[in-house]
Chemist: 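First, the structure itself, so that you have it in front of you.
The shown structure was predicted, so the numbers you read here are calculated from the model rather than taken from an experiment. All heavy atoms count here, side chains included; hydrogens, waters and symmetry mates do not.
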Amino acid sequence: MVYFTNSLDRMVPDALAGFARVHADLVVHDEAAGFFRARHPAPGRRVAIVSGGGSGHEPLHLGFLGAGMLDAVCPGQLMASPHNRQVFDASRAVSRGAGVLHLVKNYTGDRINFGIAAERLAHEGIDCARVLIDDDLASDSSESATGRRGTGAAVLVEKVLGAAADTGLGLRELADIGTELVSRCRSLAVASAAHRTPATGRSAFDLAEGDLEWGVGIHGERARRTESRPALDELVTRMTEELLAALDPAAGDSVIALVNGLGGVTRLELYGVARQLAARLDRCGPVLERVLVGDFVTALDMRGFSLTLMRADPETVKWFDAPAHTPSWPR
């Protein structure tokens, strides 16, 4: 095994137990039901926010559990969606009576299991709405059966919606805000090497030295094209241009940016990426209001990074800046 674990069967449960112990001041682990909830949720919130997804993308989503962000998180197995039973139990446990909002990344398993849980909640009289996160440019194609994947925007949407929910907004208002936020987000990821599959220790895909996958997914999906790796300045500029072309910001618009490591890239490199991203935006706009740099949505040990841009009005920036008390939110 290339990963440090007692066994493949214990890799996820041991990590979850360790997370629960390390962050016991912030989270409560319902091990039997398979979910985590915030120990100290925001007191002004009426609507509970629940998210989740496969393990192997840490700190998403567990790292963003707590006041100001998520009320409950349902972790799945490696690269696999949580079971609908987990989502149902978690939603019921944190419901405050004004409804539950599910934040769902656009993958088939996630959509099915969160959907079943929502139907079960309705049978119990618990109102539920969904925000579908589909920000990935690389899968924006008519050839894709499910459409754009959900990737880095999940972090920004969880933060902004969490702050909005803390103001006491209702379920429909939050669902509308979330849908609007997603429409203002796009992401693009590149990699020079795939993650290593825990079961085999082998790379999920092979790349020749000096090649780059343009548009990888966070589950090891191959990109839409392979090309020779350019210099960093050219690479980041091209990525930024694609994102801006998709978002089509108006003159004077502002953006919030996420420079996200996929698990195998150093902070030294990521700050170099952030420098080039900021330089491009400084030249031609839009205004870079805020930028996060680090590992937020990983793909085990993939050697790559993603860029996410969110068009941001003053209220979005205010919610982004609002305090959050979670294991991994850096501000």
Chemist: Backbone N or O of Arg10 within a donor-acceptor pair of the Ser7 side chain at under 3.5 Å?
Modeler: yes
Chemist: Do the side chains of Arg120 and Glu124 get close enough for a salt bridge, i.e. N-O under 4.0 angstrom?
Modeler: no
Chemist: Strictly distance-based, threshold 3.5 Å: is any side-chain N or O of Ser81 a donor or acceptor partner for the main-chain N or O of Gly53?
Modeler: no
Chemist: Distance check, rounded to the nearest 0.5 Å: Ile256 atom CD1 versus Lys159 atom NZ?
Modeler: 9.0 Å
Chemist: Once side chain to side chain donor-acceptor pair (under 3.5 Å) is applied, do any residues pair with Arg303, and if so which ones, sequence neighbours excluded?
Modeler: Glu269
Chemist: Would you check if the side chain of Asn106 reaches a backbone N or O of Thr146 as a donor-acceptor pair within less than 3.5 Å?
Modeler: yes
Chemist: Output all residues satisfying ring pair (Phe, Tyr, Trp, His ring centres under 6.0 Å) with His219, sequence neighbours left out; order by chain, then residue number.
Modeler: His57, Tyr107
Chemist: Roughly how far, to the nearest 0.5 Å, is the CZ atom of Arg196 from the CE atom of Met302?
Modeler: 12.5 Å
Chemist: Would the distance check show the side chain of Asn113 and the main-chain N or O of Asn84 forming a donor-acceptor pair, the cut-off being under 3.5 Å?
Modeler: yes
Chemist: Under a 3.5 Å distance rule, please check whether Gln86 uses its side chain to pair with a backbone N or O of Pro75 as donor and acceptor.
Modeler: yes
Chemist: Is there a salt bridge (charged side-chain N to carboxylate O under 4.0 Å, His left out) between Asp134 and Arg111 once you walk through the steps?
Modeler: CA-CA 12 Å; Asp134 59 348; Arg111 291 176 63 168; over 6 Å; no
Chemist: What I want to find out is whether Arg186 reaches Asp135 closely enough, with some N-O distance under 4.0 Å, to be called a salt bridge.
Modeler: no
Chemist: Less than 4.5 Å apart, side chain to side chain, heavy atoms only: is that true for Leu244 and Pro286?
Modeler: yes
Chemist: Using links of under 4.5 Å between side-chain heavy atoms of ILVMFWY residues, direct or through other members, which residues join Ile112 in one cluster?
Modeler: Ile116
Chemist: Taking the side chain from Arg39 and the backbone from Ala24, do they hold a donor-acceptor pair closer than 3.5 Å?
Modeler: yes
Chemist: Find out whether Glu289 and Thr316 are in side-chain contact, i.e. whether some heavy atom of one side chain is under 4.5 Å from a heavy atom of the other.
Modeler: no
Chemist: Check whether any side-chain N or O of Arg45 sits under 3.5 Å from a backbone N or O of Gly162 as a donor-acceptor pair, and report yes or no.
Modeler: yes
Chemist: Who clusters with Val22? Use side-chain heavy atoms, under 4.5 angstrom, across I, L, V, M, F, W and Y, and order the result by chain and number.
Modeler: none
Chemist: Any chain of hydrophobic side-chain contacts (each under 4.5 Å) joining Val236 to Met310?
Modeler: no
Chemist: Of all heavy-atom pairs between Leu65 and Leu70, which one has the smallest distance, and what is that distance?
Modeler: CD1-O, 3.2 Å
Chemist: When rounded to the nearest 0.5 angstrom, what distance separates CG in Leu309 from CZ in Arg184?
Modeler: 13.0 Å
Chemist: Is Asp110 salt-bridged to Arg149, going by a charged N under 4.0 Å from an acidic O?
Modeler: no
Chemist: What are the two closest non-hydrogen atoms of Ala153 and Ser187, and how far apart are they?
Modeler: N-OG, 3.8 Å
Chemist: Just wondering, do Glu158 and Leu103 contact through their side chains at under 4.5 Å, heavy atoms?
Modeler: yes
Chemist: Not counting sequence neighbours, which residues clear ring pair (Phe, Tyr, Trp, His ring centres under 6.0 Å) with Phe320? List them please.
Modeler: Trp329
Chemist: If we only count heavy atoms from C-beta on, is the Leu270 to Asp295 side-chain gap below 4.5 Å?
Modeler: yes
Chemist: Between Asp89 (side chain) and Phe35 (backbone), is there a donor-acceptor pair under 3.5 Å?
Modeler: no
Chemist: Is it the case that over 12 heavy atoms from other parts of the model lie below 6.0 angstrom from the CZ atom of Arg85?
Modeler: no
Chemist: Is the number of heavy atoms from other residues, nucleotides or ligands within 6.0 Å of CZ (Arg202) greater than 12?
Modeler: no
Chemist: With rounding to the nearest 0.5 Å, note down the distance linking CZ in Arg290 to OG in Ser254.
Modeler: 9.5 Å
Chemist: Where do Thr237 and Gln276 come nearest, in terms of heavy atoms and distance?
Modeler: OG1-NE2, 2.8 Å
Chemist: Would you sort out whether Leu60 and Lys105 count as a side chain to side chain contact (heavy atoms under 4.5 Å, CB included), showing the intermediate values?
Modeler: CA-CA 11 Å; Leu60 194 75; Lys105 299 188 303 304; 4.1 Å; yes
Chemist: Each residue besides Val28 in its hydrophobic cluster should be listed here, by chain and number; the cluster joins Ile, Leu, Val, Met, Phe, Trp and Tyr at side-chain heavy-atom distances under 4.5 Å.
Modeler: none
Chemist: Under a 4.0 Å N-O cut-off, is there an ion pair linking Asp233 with Arg275?
Modeler: yes
Chemist: Does atom CD of Glu31 have more than 12 heavy-atom neighbours from other groups under 6.0 Å away?
Modeler: no
Chemist: Can you see which heavy atom on Ala194 is nearest to which on Ala204, and at what distance?
Modeler: CB-N, 3.8 Å
Chemist: Side-chain contact test, heavy atoms from C-beta onward, threshold under 4.5 Å: evaluate it for Arg222 versus Leu207 and give yes or no.
Modeler: yes
Chemist: Counting N and O atoms only, with roles assigned by atom type, does the side chain of Thr179 sit under 3.5 Å from a partner on the main chain of Asp176, one being a donor and the other an acceptor?
Modeler: no
Chemist: Walk me through it: do Ser228 and Asp211 pass the test side chain to side chain contact (heavy atoms under 4.5 Å, CB included)?
Modeler: CA-CA 4 Å; Ser228 296; Asp211 279 353; 4.2 Å; yes
Chemist: Is the shortest heavy-atom distance from the side chain of His29 to the side chain of Phe19 under 4.5 Å?
Modeler: no
Chemist: Hydrophobic clustering (ILVMFWY, side-chain heavy atoms < 4.5 Å, transitive) - are Val94 and Phe64 grouped together?
Modeler: no
Chemist: Hey, are the side chains of Leu281 and Val287 touching, using non-hydrogen atoms and a 4.5 Å cut-off?
Modeler: no
Chemist: Just verifying a value: how many Å separate His325 NE2 and Asp25 CG, rounded to the nearest 0.5 Å?
Modeler: 11.5 Å
Chemist: Show the nearest heavy-atom pair for residues Phe305 and Val273, with the distance to one decimal.
Modeler: CE1-CG1, 3.7 Å
Chemist: Any side-chain to backbone donor/acceptor pair from Glu234 onto Leu232? Under 3.5 Å, distance only.
Modeler: no
Chemist: Knowing that exactly one of Ile218, Thr197, Leu300 qualifies, which makes a side chain to side chain contact (heavy atoms under 4.5 Å, CB included) with Met79?
Modeler: Leu300
Chemist: Please say whether more than 12 non-hydrogen atoms of neighbouring residues, nucleotides or ligands are located less than 6.0 Å from CZ in Arg21.
Modeler: no
Chemist: Measure across Ile126 and Ser95 and return the closest heavy-atom pair with its distance rounded to 0.1 Å.
Modeler: CG2-OG, 3.9 Å
Chemist: Are Leu156 and Leu307 linked, directly or through intermediate hydrophobic residues, by side-chain heavy-atom contacts shorter than 4.5 Å (ILVMFWY only)?
Modeler: no
Chemist: Output, in order, the C-alpha distance, side-chain angles, deciding distance and verdict of side chain to side chain contact (heavy atoms under 4.5 Å, CB included) for Leu181 and Trp319.
Modeler: CA-CA 12 Å; Leu181 287 172; Trp319 284 333; over 6 Å; no
Chemist: For Asp71, which of Arg96, Arg46, Arg37 qualifies under salt bridge (charged side-chain N to carboxylate O under 4.0 Å, His left out)?
Modeler: Arg96
Chemist: Linking I/L/V/M/F/W/Y whenever their side-chain heavy atoms sit closer than 4.5 Å, directly or via other members, would Phe296 and Ile133 fall into one cluster?
Modeler: yes
Chemist: How about Leu188 and Trp214: do any of their side-chain heavy atoms sit closer than 4.5 Å?
Modeler: yes
Chemist: Are Phe36 and Val155 connected in the hydrophobic side-chain network, where two residues link if heavy atoms are under 4.5 Å apart?
Modeler: yes
Chemist: Answer yes or no: does atom CD of Glu241 have more than 12 heavy-atom neighbours from other residues, nucleotides or ligands under 6.0 Å?
Modeler: yes
Chemist: Just how far is it from atom NE2 of His61 to atom CE of Met69, taken to the nearest 0.5 Å?
Modeler: 10.5 Å
